[in-house]
Amino acid sequence: MTGNPTANILEVDHLSMRFGGIVAVKDLSFTAKRGDITALIGPNGAGKTTVFNCITGFYKPTTGMIRMIHGDSREFLLERLFDFRISKLAKVARTFQNIRLFAGMTALENLMVAQHNGLMRASGYTFLGLIGSPGFRSAERSAIDRARYWLDRIGLLARADEAAGNLPYGDQRRLEIARAMCSRPALLCLDEPAAGLNAREGEALSELLRLIRNEHDTSILLIEHDMSVVMQISDRIIVLDYGVKISEGTPQMIRDDPKVIAAYLGTDEKTAIAVMAGGA
Amino acid sequence: MAVPKSKKSDGPDVAAPALNQQTATRDRSVASIIKNAVVSALLALVLFSLMIGIRTETGPSGQLTYWTRFGELAAVVGAVFVGSIIVETIKRWTGPLGSVELPDTVRRAFSVLGRVLIPALLIFALLVPVIFYNQRYLLDLGILVLTYVMLGWGLNIVVGLAGLLDLGYVAFYAVGAYSYALLAQSGLPFPYFIETYPYVAIDFLQLGSWAFWALLPVSGVLAAFWGVLLGFPVLRLRGDYLAIVTLAFGEIIRLVILNWQDLTGGPNGVSGIPRPTVFGIPLTPGEDGFAALIGVPFSPTHRLVFLFYIILALALLTNWVTIRLRRLPIGRAWEAMREDEVACRALGINITTTKLSAFAIGAMFGGFAGAFFATRQGFISPESFTFQESALVLAIVVLGGMGSQLGVALAAIAMIGGFELFRGLDQFRMLVFGGVMVLLMIWRPRGLVSHRAPSVFLGRQTAIPSSMVKEGDG
Amino acid sequence: MDYFAQQLINGVVLGSIYGLIAIGYTMVYGIVGMINFAHGDIFMIGGFIALITFLILVSMGLSAVPLILLVMLIVSMAVTAVYGWVVERIAYRPLRQSFRLAPLLSAIGMSFVLMNFSQVSQGAQVKPIPPLITGGYTLHDSGNFAVQLSNVQIMVVVTTIVLLTIFSYIVSRTRFGRDMRACEQDQTMAALLGVNVDRTISMTFVIGASLAAVAGMMYLLYYGLVDFFMGFVAGIKAFTAAVLGGIGSLPGAMLGGLAIGLIETFWSAYFSIEYKDVAAFSILIVVLIFMPTGLLGRPEVEKV
């Protein structure tokens with residue numbers, strides 16, 4: 001862990017995103033702390049993925065500012081960076097709701113592709129690599145070592161040479177996270193990592209996320225439906241509904257917030273309080 | 001994961017029994033075979049009674065006349081009838097044509113064969129000029145085949161690895177050929193700057209007998225430049241939009257060559273292109289010729305043999321570079337881009353440069369091949385650079401199995417060699433060629449060698465089945 | 001101004017022919033998502049069938065021009081439709097669930113087959129016919145230049161409009177049209193809801209081919225000749241038109257056809273006739289740079 005552990009790594013300021021007449025995200029502000037697992041939750045259509053797409057450069061926000069602050073206090077305004085630069089320069093990596101692995105490439109190759117920019121430099125933008133320079137060879141070896149490390153961590157070392165598309169669903173989820181980690185991100189954005197996982201796979205996932213938080217200098221921002229996962233591993237939770245932030249706090253605080261319950265149940269606050277009282 | 005991007009069709013369960021002959025073939029009676037054959041024959045009658053039954057001809061006065069050919073019509077319809085019976089009977093035995101899958105053991109045998117095949121083919125290629133020294137025709141054919149092997153390998157980078165559909169590859173072939181021809185002849189790319197015809201009569205670059213060797217890289221670089229030029233407008237295009245733009249690009253280049261008569265000679269082409277030399281020593285019967293120098297009697301076959309080795313070397317260079325590139329980050333980025341462009345962007349891969357580099361490198365090899373073509377022929381004209389050539393090279397790549405180097409080589413041998421076999425068919429040749437293309441695609445939509453070999457592995461390199469590998473939507 | 005008006009007329013006529021062919025491309029693309037490369041050659045076959053029918057009719061002693069035209073149209077549409085059906089059945093249906101490039105190459109192969117079939121069966125020379133429809137109107141005569149509108153031109157444009165009307169009625173109002181649009185959206189779902197997908201796709205090819213046949217006949221009447229190679233050039237132009245308009249969009253195909261027809265005509269008239277195709281293709285490229293899905297194509301929404 002470097003830098004001030006309580007410092008912000010991501011500051012989202014007055015972010016709005018409009019698609020034609022539809023306001024998907026409205027004046028959203030929140031922060032994520034370095035070293036934390038921050039969760040973004042909310043009912044379907046709350047605008048969570050839109051926020052993600054703004055942070056990772058797939059959408060250009062209508063208004064607002066997204067500031068990424070690195071440990072060495074370098075700053076990047078993500079709404080100004082676009083596309084591949086967000087991952088390359090600002091070191092924000094992401095996974096996708098519907099897994100986007102390179103299905104026809106092996107697990108190992110997937111992890112090698114993630115280290116593209118470093119290897120590209122080491123290969124002298126291909127020219128040195130073509131003649132097999134020693135510098136590139138050692139860079140490639142260490143890239144393979146890094147891939148091996150992550151394959152080991154997600155328990156796929158034995159299946160490293162299998163096509164990623166052939167792996168079971170849960171393994172694919174974890175492989176996608178490992179692939180994102182291979183690009184050495186400062187911030188890892190996970191879009192519903194637990195979706196479609198069974199209980200055992202969900203447990204393996206939580207373990208992987210904890211490992212990332214504890215052993216690597218990577219903060220995590222995640223969108224999740226699965227409350228059990230969120231409550232278990234998150235340090236802070238931000239709740240969105242209809243593109244607006246309705247609550248923010250520790251898992252305990254969120255659990256007891258009637259506004260959140262109301263949003264999830266789709267009722268007003270009073271009913272929610274009544275439900276909570278009845279449930280308690 | 002392996003579902004293609006295009007919409008999926010329904011299974012046979014919802015197919016119309018009346019129209020779906022495949023359903024009909026499943027019931028086992030002979031009557032259905034006959035019925036199908038009759039239907040086919042009737043269809044053939046409708047299709048051919050006007051096109052074959054009537055032959056139109058322009059008379060001497062420009063007046064159109066016609067005569068009937070009912071005999072031929074009857075023969076063709078009869079052939080369709082009999083052919084239909086045969087095909088249906090065979091189908092009955094083997095199941096539908098498309099679904100023939102090789103059993104595992106056979107496939108494993110093939111993979112062993114594949115490992116032996118590559119060195120065997122290589123040794124054979126090296127020995128071709130020795131074995132067929134006295135058969136100029138075969139040597140010529142070998143050169144032709146190798147040219148297409150090289151073009152196939154070059155296009156394979158764009159289509160097979162990067163997953164970018166290119167229907168105008170012949171443009172780079174043309175750019176390479178014309179770059180070499182024009183530079184070697186006038187030495188100036190823009191004779192417009194010089195008023196008098198024939199522009200510059202002297203060998204401007206003073207290349208002399210080194211012309212080919214000096215200008216070969218130049219042609220490649222110029223072609224690569226044009227590849228980047230094509231790459232820019234198509235960066236954001238996908239699928240069929242990309243297809244038409246590349247096709248249009250190929251046509252634009254051809255049309256400009258055809259119409260810019262001052263520079264390119266238009267339809268008359270460029271002739272008198274310098275022939276290659278053995279690194280400065282010309283292959284001529286004179287005193288300073290290669291034959292005289294090594295003390296053997298001159299023979300025109302020497303040049304043929306030399307050309308054969310040049311194109312073999314160029315093709316192997318293409319192959320070597322491709323194999324190397326696949327193991328470099330750039331090659332992996334190409335393949336990753338073919339698999340999923342969005343994921344690539346999320347991993348910090350610059351799609352723009354990745355696409356452009358694929359176009360540039362693919363085009364460069366096309367340019368090399370073009371320069372070779374020009375020096376081999378000594379004469380080039382726009383006729384050699386039509387869409388048919390692009391289609392042929394693309395067919396070689398797809399039939400070979402996209403991304404597979406061996407497959408592309410085999411496909412080039414089969415297609416060009418096969419095309420030569422049908423030389424006797426004369427004008428029926430293209431007809432047969434097109435038909436064979438259709439049948440091959442139905443038989444092996446993913447090509448001859450349809451599995452992908454991983455570029456890096458920890459334990460054992462295991463082939464990835466084609467159903468897993470995407471073909472890109474670019 | 002007169003010269004301009006004349007070119008406008010010529011351009012619209014040419015554009016109508018391109019548009020008719022382009023509809024075939026766009027329909028097939030919409031429903032099976034592939035480029036029917038053989039479509040240009042279907043157009044050529046349509047022209048040949050019309051030509052041969054014409055010859056037979058004339059040699060039978062028929063002289064009533066409207067009757068000749070009607071029979072030509074019907075025979076050409078019918079026979080060419082069978083060509084379209086057979087091509088789909090042989091070369092595309094086995095590859096429907098296959099990878100994208102296989103049907104494309106199969107289509108290119110089919111294009112070679114049709115082109116060379118026609119060359120082999122009818123010879124390579126150009127086949128001219130005497131003008132069937134003569135006469136026309138002089139719209140404006142300024143002394144040194146007269147704006148002409150010939151009867152053939154009127155017929156081409158009127159036929160195109162009539163066919164388009166019928167065609168849009170079929171697509172928007174009939175059961176077949178509904179089935180077709182359903183298949184465009186989702187073939188599996190359409191099949192589950194009782195749409196006969198195979199038949200709908202076949203019908204799409206049949207309709208596309210018969211429209212191409214009409215275009216072929218119009219070409220024959222307008223230019224007075226056909227040859228075996230005309231399908232390639234016209235096919236590429238029409239395909240360009242379909243893409244320019246936004247492939248998959250029917251109004252787009254017509255719009256693209258008109259655009260290509262006008263570009264070509266005006267370029268030939270004002271700049272150089274040799275570079276008219278270069279102009280058409282260049283404009284296509286430029287349009288696609290700024291509108292990657294054509295003029296009327298649905299913008300591709302990137303789902304992340």
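In what follows, chains are A, B, ... by sequence order, proteins preceding strands, each numbered from 1.
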Stepwise side-chain contact (heavy atoms from CB on, under 4.5 Å) test for F84(A) and I349(B): CA-CA 6 Å; F84(A) 71 97; I349(B) 294 174; 5.6 Å; no
Residues L347(B), R179(A); criterion side-chain contact (heavy atoms from CB on, under 4.5 Å); working and verdict: CA-CA 8 Å; L347(B) 291 172; R179(A) 185 180 70 178; 3.7 Å; yes
Step-by-step side-chain contact (heavy atoms from CB on, under 4.5 Å) determination, Y125(A) to T353(B): CA-CA 11 Å; Y125(A) 299 90; T353(B) 53; over 6 Å; no
Step-by-step side-chain contact (heavy atoms from CB on, under 4.5 Å) determination, F457(B) to E109(A): CA-CA 8 Å; F457(B) 46 93; E109(A) 281 179 305; over 6 Å; no
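The environment of CZ in F232(B) is sparse: at most 12 heavy-atom neighbours from other residues, nucleotides or ligands sit within 6.0 Å. No more than 12 heavy-atom neighbours from other residues, nucleotides or ligands sit within 6.0 angstrom of CH2 on W226(B). The number of heavy-atom neighbours closer than 6.0 Å to OH of Y149(A), taken from other residues, nucleotides and ligands shown, is above 12. The environment of CZ in R327(B) is sparse: at most 12 heavy-atom neighbours from other residues, nucleotides or ligands sit within 6.0 Å. Within 6.0 Å of the CZ atom in R324(B), the count of heavy atoms belonging to other residues, nucleotides or ligands exceeds 12.
Contacts of L89(A) with chain B are absent, with no heavy-atom separation under 4.5 Å from either backbone or side chain. Contacts of I131(A) with chain B are made by backbone atoms alone, with heavy-atom separations under 4.5 Å and no side-chain atom involved. With a 4.5 angstrom heavy-atom cutoff, R452(B) touches chain A only via side-chain atoms. For a residue to count as touching a neighbouring chain, one of its non-hydrogen atoms must lie under 4.5 Å from one of that chain's; by this rule I86(A) does not touch chain B. For E140(A), the part sitting under 4.5 Å from any heavy atom of chain B is the side chain, from C-beta outward, and nothing else. Within the 4.5 angstrom heavy-atom criterion, only side-chain atoms of F136(A), from C-beta onward, approach chain B. Heavy-atom distances place both the backbone and the side chain of D161(A) under 4.5 Å from chain B. Proximity to chain B is limited to the side chain of S123(A), based on heavy atoms less than 4.5 angstrom apart.
Contact count against chain A (heavy-atom pairs under 4.5 Å) is highest for D340(B) among D340(B), V469(B), V321(B), I351(B). Comparing N110(A), T56(A), T95(A), N117(A) by how many heavy-atom pairs each has under 4.5 Å with chain B, the most go to N117(A). Taking S455(B), A336(B), S357(B) one by one and counting their heavy-atom pairs under 4.5 Å with chain A, the maximum is reached by A336(B). When each of L119(A), I144(A), L130(A), V92(A) is scored by its heavy-atom pairs under 4.5 Å with chain B, the top score falls to L130(A).
When all heavy atoms are compared, the tightest approach of M112(A) to V456(B) is CG-CG1, 4.1 Å.
Residues E335(B) and M105(A) are in side-chain contact: their nearest non-hydrogen atoms beyond the backbone lie under 4.5 Å apart. In this structure, the side chains of F96(A) and V342(B) come closer than 4.5 Å at one or more pairs of heavy atoms. Contact check for L458(B) versus T106(A): no side-chain heavy atoms found under the 4.5 Å cut-off.
Annotation: salt bridge (charged side-chain N to carboxylate O under 4.0 Å, His left out) contacts involving residues 51-62 of chain A, sequence neighbours excluded, are absent.
Taking CZ of R345(B) as the reference point, atom NZ of K88(A) lies at 15.0 Å (rounded to 0.5 Å).
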